[in-house]
Student: 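Okay, here's the structure, questions in a sec.
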Protein chains: 2
Amino acid sequence: MTICEKKEHEQAVGSAKREALSEEQLGRVCNVFRVLGEPSRMKIVLALTGGEMCVYHILQAVGGTQSGVSHQLRVLKDNRIVRSRREGQNILYSLADDHIVEIVAMGRAHMDCAEE
Amino acid sequence: MTICEKKEHEQAVGSAKREALSEEQLGRVCNVFRVLGEPSRMKIVLALTGGEMCVYHILQAVGGTQSGVSHQLRVLKDNRIVRSRREGQNILYSLADDHIVEIVAMGRAHMDCAEE
DNA sequence: TTATAATATGAATACTTATTCATATATTAA
DNA sequence: TTAATATATGAATAAGTATTCATATTATAA
């Protein structure tokens with residue numbers, strides 16, 4: 001592979017390098033997507049679109065094991081996709097912010113247009 | 001774990017189940033995010049935000065090996081994140097549609113607000 | 001029609017991460 | 001203060017997948 005000398009490409013390379021995110025920023029952007037890219041977690045996020053829920057009800061909504069759902073909830077929380085508050089014996093989970101709703105909506109839109 | 005009888009939760013469970021995506025739909029939504037959740041691929045996508053590029057220039061922009069980038073490009077293409085066209089000896093890659101640009105922009109926005 | 005350039009691909013390996021199992025913590029009720 | 005409920009967590013394993021290496025394919029130029 002020697003050289004492709006298209007001027008537009010070289011400009012694009014230049015701007016790509018200038019505007020490149022730091023490793024840390026890149027990691028943070030990717031984390032949001034990586035976390036949402038797992039069906040078991042996406043199910044939880046979609047369930048929470050309907051509003052705040054305790055773990056017991058999340059479990060009813062998405063299925064699986066208590067331990068599994070709990071682990072996934074922690075990943076979601078660590079990555080600020082969801083937040084939680086305690087109410088008595090229950091911990092109530094909800095989506096962390098509106099970005100999440102929008103991001104998921106975009107994902108669904110892409111899914112629809114990517115349908116074969 | 002016996003019973004949490006909050007009426008709102010039960011409604012949320014109900015609507016979550018009614019509106020649940022099929023396994024196949026769920027898989028498609030997740031794929032978009034899973035693919036974007038890998039730094040090596042996100043770098044490529046971000047590079048292509050600046051416009052169409054051949055593999056050689058993508059390689060210059062993101063680093064890594066030729067084989068590695070090529071494999072990642074295939075994953076991106078299979079999931080309709082990018083598309084490609086041949087021009088002589090070169091294959092030119094570009095983002096598949098505007099959804100991608102928007103999804104990535106949202107991811108960045110979430111990253112910013114999730115900053116500690 | 002051979003050589004070279006540009007890109008793609010199969011197989012193997014190395015990493016990452018989801019899931020499971022057993023157990024721990026925290027809250028309320030008795 | 002003991003028992004029960006609700007949720008979380010550590011460690012182990014299993015599953016998935018990124019990366020690498022060697023090689024194949026496709027297009028052009030000599």
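Protein chains get the first letters and strands the later ones, always in sequence-line order, with residue 1 at the start of each.
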Student: Rounded to the nearest Å, what distance is computed from the CG atom of residue A:Asn79 to the P atom of nucleotide C:dA18?
Tutor: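 In whole Å, C:dA18 P and A:Asn79 CG are 10 Å from each other.
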Student: Can you pull out every salt bridge (Lys or Arg N to Asp or Glu O under 4.0 Å) where at least one residue sits in residues 32-42 of chain A? Sequence neighbours excluded, please.
Tutor: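 Of all non-adjacent pairs touching residues 32-42 of chain A, none passes salt bridge (Lys or Arg N to Asp or Glu O under 4.0 Å).
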Student: With sequence neighbours left out, write down each residue that passes side-chain contact (heavy atoms from CB on, under 4.5 Å) with A:Thr65, or none if nothing qualifies.
Tutor: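 side-chain contact (heavy atoms from CB on, under 4.5 Å) check on A:Thr65 returns A:Ser67.
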Student: Write down the distance between CZ (B:Arg34) and P (C:dT16), rounded to a whole number of angstrom.
Tutor: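 Rounded to the whole Å, the gap is 17 Å.
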Student: Scan for ring-ring contact (aromatic ring centres under 6.0 Å, His included) pairs involving residues 84-107 of chain B, sequence neighbours excluded, and state none if there are none.
Tutor: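 Listed once each, the pairs would be none.
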Student: From A:Ile81 CD1 over to A:Ile103 CD1, what is the distance, rounded to the nearest 0.5 angstrom?
Tutor: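 That separation rounds to 7.0 Å.
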Student: In whole Å, I'd like the distance from the CD1 atom of A:Ile58 to the P atom of D:dA8.
Tutor: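 After rounding, the gap between these two atoms is 9 Å.
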Student: Can you figure out which of D:dT17, C:dT9, D:dT7 approaches the side chain of B:Ser70 most closely?
Tutor: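 Among the listed nucleotides, the one closest to the side chain of B:Ser70 is C:dT9.
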Student: For B:Arg83, what residues pass the side-chain contact (heavy atoms from CB on, under 4.5 Å) criterion, not counting sequence neighbours?
Tutor: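 Result, side-chain contact (heavy atoms from CB on, under 4.5 Å) vs B:Arg83: B:Ser94.
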Student: Once Watson-Crick and G-U wobble pairs under 3.5 Å are found, how is DNA chain C written in dot-bracket notation, 5' to 3', with | for any base paired to another strand?
Tutor: ||||||||||||||||||||||||||||||
Student: What are the two closest non-hydrogen atoms of B:Cys54 and B:Asn90, and how far apart are they?
Tutor: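 Nearest pair, atom of B:Cys54 first, then B:Asn90: CB-CB, 4.1 Å.
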Student: Given atom CG of B:Leu76 and atom P of C:dA8, what is their separation to the nearest angstrom?
Tutor: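 So the two atoms are 12 Å apart, to the nearest Å.
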Student: Measure from NE2 on A:His57 to C1' on D:dT5 and round the result to the nearest Å.
Tutor: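 For the pair A:His57 NE2 and D:dT5 C1', the rounded distance is 14 Å.
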Student: For residues 42-53 of chain A, which side-chain N or O atoms pair as donor and acceptor with protein atoms under 3.5 Å away, sequence neighbours left out?
Tutor:
from	atom 1	to	atom 2	distance (Å)
A:Thr49	OG1	A:Val45	O	3.2
A:Thr49	OG1	A:Leu46	O	3.2
A:Glu52	OE1	A:Arg85	NH2	3.1
A:Glu52	OE2	A:Arg85	NE	2.6
A:Glu52	OE2	A:Arg85	NH2	3.3

Student: Whole angstrom is fine here: how far is it from OH in B:Tyr56 over to P in D:dT26?
Tutor: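 Checked: the OH to P distance equals 24 Å.
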Student: In residues 85-96 of chain A, which residues come under 4.0 Å of DNA chain D by heavy atom?
Tutor: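 Close to the strand are A:Gln89, A:Asn90, A:Ile91, A:Tyr93.
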Student: Mind checking what makes side-chain hydrogen bond (donor to acceptor under 3.5 Å, both in side chains) contact with B:Glu24, not counting sequence neighbours?
Tutor: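 Applying side-chain hydrogen bond (donor to acceptor under 3.5 Å, both in side chains) to B:Glu24 gives B:Arg28.
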Student: Of all the choices, D:dA8, C:dT7, C:dA18, which nucleotide is nearest to the side chain of B:Cys54 once you look at every atom?
Tutor: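 Of D:dA8, C:dT7, C:dA18, C:dT7 is nearest to the side chain of B:Cys54.
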Student: For B:Arg41 and D:dT17, what is the distance between atoms CZ and P respectively, to the nearest whole Å?
Tutor: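 Computing the B:Arg41:CZ to D:dT17:P distance gives 9 Å.
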Student: Collect all protein-nucleotide pairs involving nucleotides 19-24 of chain C in which both atoms are nitrogen or oxygen and the distance is under 3.5 Å.
Tutor:
from	atom 1	to	atom 2	distance (Å)
C:dT19	OP2	A:Ser40	OG	3.2
C:dT19	OP2	A:Gln72	NE2	2.6
C:dT20	O4	A:His71	NE2	3.1
C:dC21	N4	A:Ser67	OG	2.5

Student: With sequence neighbours left out, which residue pairs that include part of residues 15-39 of chain B fulfil the ring-ring contact (aromatic ring centres under 6.0 Å, His included) condition?
Tutor: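 Listed once each, the pairs are A:Phe33-B:Phe33.
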Student: Got a sec, which residues hit side-chain hydrogen bond (donor to acceptor under 3.5 Å, both in side chains) with A:Lys17, two or more places apart in sequence or on another chain?
Tutor: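 Applying side-chain hydrogen bond (donor to acceptor under 3.5 Å, both in side chains) to A:Lys17 gives none.
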Student: Taking only residues at least two apart or on different chains, which pairs with a member in residues 95-106 of chain B satisfy salt bridge (Lys or Arg N to Asp or Glu O under 4.0 Å)?
Tutor: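 Residue pairs passing salt bridge (Lys or Arg N to Asp or Glu O under 4.0 Å), neighbours aside: none found.
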Student: To the nearest angstrom, how far is A:Met42 atom CE from C:dT17 atom P?
Tutor: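 Answer to the nearest Å: 17 Å.
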